[in-house]
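First comes the structure, then the notes that go with it.
What you see is a predicted model, and the numbers here were worked out from it, not measured in a lab.
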Amino acid sequence: MLLWFLLVNALFLIPSLALPGASPWISLEALVLWATLCGLEEPRQRRRLTLAIAVVYGFLALLLLVDSLVRESLGRGLNLYLEVRLLDAGWNLLSTNLGIPLAGLALCLLVGLLAGIIWLIRFLLEQSAKHAPRQLAKPLWLVAGLLAAGMVTPWIGSPTLVFVANQASLIAHTHQTTEAFAKQLRMESSAASQPTPLPRLAGTDVILGFIESYGISSIASERYRAIVGPALATMARGLAAAGLTVATGRLRSPIQGGQSWLGRLTALSGQWVHNQLAYETLLSSGYATLIDDFRRTGHKTVAIMPAITLAWPEGRLLGYDRIYDHDDLGYQGPSFNWVTMPDQYTWHRFQSIRNAHPEPLFAELALISSHAPWVPVLPVLDDWSTIGNGEVFRRWQGAGEAPVSLWRDPDRVRDHYAQAIAYALEVAGAFAARNLAEDTLMIVLGDHQPAPLITGENASRDVIVHVISGDPALVEPFLSGALPGFRPGTRPDPDTAGAAMSELRPFLHRQFGEL
């Protein structure tokens, strides 16, 4: 009898793994269920109850699994109010990295796992019901009632109910904060909420390149610094040889591990866009961004989005003059797992777009070679003239091991991450050395830190920012102290935390706004 109770008790203690603090030893829910089973004399009633509990707890177990995955990938706990909006993005990531057949198989295995969990739970409950002495019903209800009335000790808790209540609280809080954010956007009357020209950048090409997962951990950790550091040194030498000035600092991203679009919109808008609801709220509000600012300044605004392979209505809401998605970039080479084209091709194609536009450009580039799964990592081609339409990259088609093989070894995943960042930096530096002049300001920054698997738990959310130009006067404002942590060269101040990424737009207004 006691054995079956302990097994059921263990099941109801599992949700405590997703909650802060020490886990209790006895679950109040298990005690109540045991008392209920003891009090039921009809076998049919017991079967119905055990089936209902098994189904409910099976879905709860699935949520606990999702919570674990969210913590490992995004550095935060599960929030159902947000996660339901990310199902498409999750399927896209899974199907692109594994292929549709394997991704479909993974979903089938997940459904099978859920069914297996439900069967196991029902089996344990039925066995416990079979061994539940009727005479224990009243004493157990008395004990459960006393505990529920306030006699709970550190060894007795209600983790299942707490987990459910926590999700309900998160849903209510997220809804309230989203409503408050929408109200703030409607009421805000500051200059930052309206298109504001940047006359000190009139006639200057401004390039805003987001390097995927380029976080401060890439140089704060000795493991990654050993690989990324030489790439930064190579970048510094190349820029100096080309007569370019570079300053480097850090900014704090609102997210970690994924949802790059939130970091990009935070930088563009000057608002803290930390979840999907805030993103959708801001887009639908008509709130101005740097895109609108530069259009008012006289720039043609373009977005270079190699990872966009489907319709992207958000891009229209952002108001670019032209969006170059995957199909518009003319790439004829192979994709590399999630990466639709290597960064070197993206930069190469962007330069041809620059050459085709006589007016000044404001361009946002999504640079995706450092996106997980970080395999394969391509070499940098010395002769950019051979890139053409990208067919030159076919020699690496099928190179590297399969992501499912690599990701069995976290240490090798971490090494590949650093190599992918090094590649992205080498390519960005080589592009700048080849193509930048005095009439160009290039800002290259990370969109977010990689997942906790790479950074470890509780890592800083700072990303690295490089500011490059042939005109030192365009770089000088970044060294004025108005944004903390910037200094000359390709390495940020390791001891000074970055300002919020949402400070970038107000900073540009202050430094390059009214003459």
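Between the CG atom in Leu406 and the NE2 atom in His416 there is a gap of 5.0 Å [rounded to 0.5 Å]. Separating the OG1 atom in Thr346 from the CD1 atom in Ile368 is a distance of 6.0 Å, to the nearest 0.5 Å. Taking CG from Leu441 and CD1 from Ile443, the interatomic distance works out to 4.5 Å, rounded to the nearest 0.5 Å. Annotation: the span from Ile308 atom CD1 to Trp261 atom CH2 amounts to 9.0 Å, rounded to 0.5 Å. Here the CG-OG1 distance, from Leu198 to Thr204, works out to 10.5 Å after rounding to the nearest 0.5 Å.
At a cut-off of 3.5 Å, with distance as the only test, a side-chain donor of Ser385 or Asp383 sits close to an acceptor on the other residue. At a cut-off of 3.5 Å, with distance as the only test, no side-chain donor of Asp321 or His299 sits close to an acceptor on the other residue. When only modelled atom types and interatomic distance are considered, Gln397 and Ser335 share no side-chain donor-acceptor pair under 3.5 Å.
Around atom CG of Asp382, no more than 12 heavy atoms belonging to other residues, nucleotides or ligands sit under 6.0 Å away. The number of heavy atoms from other shown groups lying within 6.0 Å of CG (Asp327) is above 12.
Minimum heavy-atom separation, Leu282 to Ser269: CD1-OG, 3.7 Å. Taking every heavy atom of both residues into account, Pro477 and Leu474 meet most closely at CD-O, 3.6 Å. Counting all heavy atoms, side chain and backbone alike, Leu268 lies closest to Phe362 at CD2-CZ, 4.0 Å. Residues Ile304 and Leu329 come closest through the heavy atom pair CG2-CD2, 4.0 Å.
For the pair Ser218 (side chain) and Tyr214 (backbone), a donor-acceptor distance under 3.5 Å is absent. Under a 3.5 Å cut-off, the side chain of Arg322 and the backbone N or O of Lys300 do not form any donor-acceptor pair. Between the side chain of Asp325 and the backbone N or O of Thr309 there is no donor-acceptor pair closer than 3.5 Å. Side-chain atoms of Arg505 never come within 3.5 Å of backbone atoms of Ser502 as a donor-acceptor pair (strictly under, hydrogens ignored). Checked by atom type and distance alone, the side chain of Asp343 pairs as donor or acceptor with a backbone atom of Ser369 at under 3.5 Å. Counting only distance, with no hydrogens or angles, the side chain of Arg487 and the backbone of Pro492 share a donor-acceptor pair below 3.5 Å. Arg296 places no side-chain N or O within donor-acceptor distance of the main-chain N or O of Thr196, the cut-off being under 3.5 Å. Checking side-chain atoms of Asn337 against main-chain N and O of Val375 turns up a donor-acceptor pair under 3.5 Å.
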Acceptor/donor pairs from residues 417-433 side chains to any protein atom, 3.5 angstrom cut, sequence neighbours excluded:
from: Tyr417; atom 1: OH; to: Ser213; atom 2: O; distance (Å): 2.7
from: Tyr423; atom 1: OH; to: Gln344; atom 2: N; distance (Å): 3.3

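Using a 30° and 60° split on the angle between ring planes, His326 and Tyr331 fall in the perpendicular class, above 60°. The aromatic rings of Phe393 and Tyr345 lie perpendicular to each other, with more than 60° between the two planes, well past the 30° mark.
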* To do: Tell me, with the steps shown, if Glu222 and Arg225 meet salt bridge (charged side-chain N to carboxylate O under 4.0 Å, His left out).
  => CA-CA 5 Å; Glu222 175 57 36; Arg225 186 165 60 246; 2.5 Å; yes

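Checked for salt-bridge contact, Asp411 and Arg223 meet the test: a charged N lies under 4.0 Å from a carboxylate O. Classification of Glu401 and Arg412 as a salt-bridged pair holds, one side-chain N sitting under 4.0 Å from a carboxylate O.
Here side chain to side chain donor-acceptor pair (under 3.5 Å) pairs that include residues 433-451, with residues two or more places apart or in two chains, are Glu212-His448, Ser217-Gln449, Ser260-Asp447, Ser260-His448, Arg354-Thr440.
For His348 and Trp384, the gap between ring centers reaches or exceeds 6.0 Å. A ring-centre distance under 6.0 Å is found for Trp374 and Trp407. Between Phe507 and Phe478, a ring centre-to-centre spacing shorter than 6.0 Å is recorded.
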